Amino acid sequence: LPEVDNVHLEAIEYEQRIVLLHQVRDGPASRSYGLQVAALAGVPASVIEQARSLLHGLEAGDKPFDVPGTDAQISLFEPAPPGPLDRALAELDPDHLSPREALDALYRLKKLPR
């Protein structure tokens, strides 16, 4: 169509993240930044890592679902494994805490790694 142009945003990759340079260039991009854009969109890191593994397999000539340990459908919303914060929250019984104990617990939770 005469009113449509094929353009892309100039971008570079830095430490597996995309940096958009805010410059519109003619033609298609030199490569796909799908995984980096997915990370910017908030797709869980576990999904991106699994996609990266599948991509490396495809680039090596593997068939898409012949990668050991993968299913035909990848869930976007698998829960993350429980961490220190999850375990500490599970141990709390808010119905049996005094206001002071609840405040102390909150400060302890804030110090835990995420």
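Residue numbers run from 1 in the order of the sequence given. These numbers were taken from a predicted model, which means no experiment stands behind them. Side-chain atoms are counted along with the backbone in the values below, which use heavy atoms only and exclude waters and symmetry mates.
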**Separation of L40 CG from L35 CG (nearest 0.5 Å)** = 11.5 Å
**Prompt:** Do Y33 and V43 sit in the same hydrophobic cluster, where Ile, Leu, Val, Met, Phe, Trp and Tyr count as joined when their side-chain heavy atoms come under 4.5 Å apart?
**Reply:** no
**Request:** Taking the side chain as every heavy atom from C-beta outward, state whether D5 and D26 have any pair of such atoms under 4.5 Å apart.
**Result:** no
**Asked** Using a distance-only test with no angle check, is there a side-chain donor-acceptor pair under 3.5 angstrom linking R25 and Q23?
**Response** yes
**Complete:** One should read off an interatomic distance between H22 NE2 and E10 CD, to the nearest 0.5 angstrom, of 12.0 Å
**Complete:** Note: L85 and L112 closest approach over all heavy atoms is CA-CD1, 3.9 Å
**Prompt:** Considering all heavy atoms of both residues, which atom of L20 and which atom of A11 are nearest to each other, and what is their separation?
**Reply:** CD2-CB, 3.9 Å
**Asked** Would you say I48 and V37 are hydrophobically clustered, going by side-chain heavy atoms of ILVMFWY under 4.5 Å?
**Response** no
**Message:** Any carboxylate oxygen within less than 4.0 angstrom of a Lys/Arg side-chain nitrogen, looking at D104 and R108?
**Reply:** no
Side-chain donor-acceptor distances from residues 87-96 under 3.5 Å, at least two apart:
from	atom 1	to	atom 2	distance (Å)
R87	NH1	P82	O	3.0
D93	OD1	D95	N	3.4
D93	OD2	H96	ND1	2.6

**Asked** Mind checking whether N6 and P28 have side chains closer than 4.5 Å, heavy atoms only?
**Response** yes
**Message:** Are more than 12 heavy atoms, taken from residues, nucleotides or ligands other than R17, located less than 6.0 Å from that residue's CZ atom?
**Reply:** no
**Item:** Exceeds 12 heavy-atom contacts within 6.0 angstrom, atom CZ of R100
**Value:** no
**Message:** Tell me if a side-chain donor or acceptor on H8 pairs with a main-chain N or O of V24 at a distance below 3.5 Å.
**Reply:** no
**Request:** If you link ILVMFWY side chains whenever their heavy atoms are less than 4.5 Å apart, which other residues fall into the same cluster as I12? By chain and number, please.
**Result:** Y14, V19, L21
